[in-house]
Amino acid sequence: MAEIFKMPKIKYEGPKSTNQLSFKFYNPDEVIAGKTMREQLKFALSYWHTLNGAGADMFGVGTSDRAFGGNGAMDVFKQRANAGFELMDKLGIDYFCFHDRDIAPEGASIAESNKNLDEIASLLESLMKDYGKKLLWGTANCFGHPRYMHGAGTSPNADVFAFAAAQIKKALELTVRLGGNGYVFWGGREGYETLLNTDMKAELDNMAYLMRLIVDYGRSIGFKGDFYIEPKPKEPTKHQYDFDVATVSNFLRAYGLDKDFKMNIEANHATLAGHTFQHELRVARINGIFGSIDANQGDMLLGWDTDQFPTNIYDSVFCMYEVLKAGGFTNGGLNFDAKVRRGSFEHDDLFHGYIAGMDSFALGLRLAAKLIEDGRIDKFVDERYASYKSGIGADIAAKKATLEQLEKHALALGEISSNTSGRQEYLENILNGIMFS
Ligand code: XUL
Ligand code: CO
């Protein structure tokens, strides 16, 4: 196969290397916190941003060539597959993620689209075998086509609901065929613009029903992986139903789907919801629904989903801290739902983007492990709640204290005289000391 990227295989050379085509922090076989970095991080390539997205935005067409020498609809998609696997091979990325419409062109009917998908799936199967790559998760694009203008599972048009169901069924079958360990629901247009035209209850009922049908079908065809919901508060719709982890968690419980789903948490979606990335990860972790990550970052001055390659080390440290505390990834991993800037239009830029993201998370993992090993911050938090370890506090923690006992205790206190400082600045100094020593 002709080489598409005139690039070497990217290797670890350490922080002192001046070679920009090397990893400074990502050393795949080095053991950090009990596993190799490769096992801890489970990097994945996002098909759509890397191989399809040419940089078009609201004000202009794409700037990069993402045909990779292909000629004609199917051929372009085949070349994208070839390019994707060469890229994964050269960057040492083990996994990829796709939407159905990323890998093959949509036909004039579902049957035609499915035929295209089957043809490309055969190519993907052989590339996966040749290069030793795996599918992290698959999904269906039920937001791009005009038929989904009012949503898919939440469309007021029952025919659209049926169309989405058929499309998702096929995407799940493909995921199973390619050995994927995850299937993602991201509700791109599952929301509303105005309540003047929206029956929110009916839409949520329908969306839950579609999820139930898909979960049951997946289990019946032998899908053993995780189903994920990827929360996002807005964009493209004004209000998306899967607003954030807490909202989704409530939805899952309300519809009896909580045992079937975990979260795929995206950094830029967290900030759009007014949360930190770590907040979303923590809410998922303490509710036992942490699953996978879409790694990227937004731009606080722009305020929309800019999907940039992640380079903020505080965020990657806090993220990897949560991942380590959750016991690491099982079926999930770190998918770079990230794209190079429109002005970074050359093929080389894809390498620089992925190297930046992989090195940032490798550094995040190293420093999160150091933070946990250092133990001062965890110890501080533990001690901050020491009053729940004895006396009335222990009774509260054991759920034994009655309201009458609490009242009696409070009356005897007179006033609270023993609050202690939260020491935020002290802790921030400790964190910087660990990160930059
Ligand atoms: C959109 C987004 C999606 C999902 C998969 O913001 O993140 O690409 O990751 O549909
Ligand atoms: Co995403």
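Remember, it's a predicted structure, so these values are computed and weren't measured experimentally. Ligands are counted one by one from 1 in listed order, and the atoms in each one are counted from 1 as well. No hydrogens, no waters, no symmetry mates; every other heavy atom, side chains included, goes into these values.
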Requested in this report: Could you tell me whether Arg177 and Glu173 have a side-chain N and a carboxylate O separated by less than 4.0 Å?
Outcome: no
Requested in this report: Give the atom name of whichever N/O/S atom in Glu266 sits closest to the Co ion (ligand 2).
Outcome: OE1
Report summary line: Numbered in order shown, the ligand 1 atoms found under 4.0 Å of a heavy atom of Lys232 are 6 (O)
Query raised in the report: Do Glu86 and Lys90 meet the salt-bridge criterion of a basic N to acidic O distance under 4.0 Å?
Result: yes
Query - Side chains of Leu117 and Lys170 in contact at under 4.5 Å (non-hydrogen atoms) - result: yes
Query raised in the report: Hey, is His269 one of the residues with a heavy atom under 4.0 angstrom from ligand 1?
Result: yes
Report summary line: protein heavy-atom neighbour closest to atom 5 (C) of ligand 1 works out as His99 NE2, 3.2 Å
Report task. Run the ring-centre check on Phe309 versus His352 and record whether the distance is less than 6.0 Å. Result -> no
Query raised in the report: Of the backbone atoms (N, CA, C, O) and the side-chain heavy atoms from C-beta on, which set of Asp294 has a member under 4.0 Å from an atom of ligand 1: side chain, backbone, both, or neither?
Result: side chain
Query raised in the report: Can Arg212 and Asp260 be counted as an ion pair, charged N to O under 4.0 angstrom?
Result: yes
Query raised in the report: Are Asp94 and Lys42 close enough for a salt bridge, meaning some N to O gap below 4.0 Å?
Result: no
Query - Under 3.5 Å: N/O of Asp307 near N/O of ligand 1 - result: no
**Report entry** Residue pair Asn268 / Gln297, side-chain donor-acceptor N/O under 3.5 Å
**Finding:** no
Query raised in the report: With a 4.0 Å cut-off on heavy atoms, is Asp337 touching ligand 1?
Result: yes
Query raised in the report: What protein heavy atom sits nearest atom 9 (O) of ligand 1, and how far away is it?
Result: Glu230 OE1, 2.7 Å
Query raised in the report: With no hydrogens and no angle check, do the side chains of Ser17 and Tyr12 hold a donor and an acceptor under 3.5 Å apart?
Result: no
Requested in this report: Indicate yes or no: does an N/O atom of Asp305 lie under 3.5 Å from an N/O atom of ligand 1?
Outcome: yes
Requested in this report: With the Co ion (ligand 2) as the reference point, give the N/O/S atom of Asp294 that is nearest.
Outcome: OD2
Report task. Return the name of the atom in Asp337, of element N, O or S, nearest to the Co ion (ligand 2). Result -> OD2
Query raised in the report: How does Glu235 reach ligand 1, by side chain, by backbone, by both or by neither, if only non-hydrogen atoms under 4.0 Å count?
Result: neither
Requested in this report: Give the name of the N/O/S atom in Glu230 that lies closest to the Co ion (ligand 2).
Outcome: OE2
**Report entry** Minimum side-chain heavy-atom gap Phe68-Leu51 below 4.5 Å
**Finding:** yes
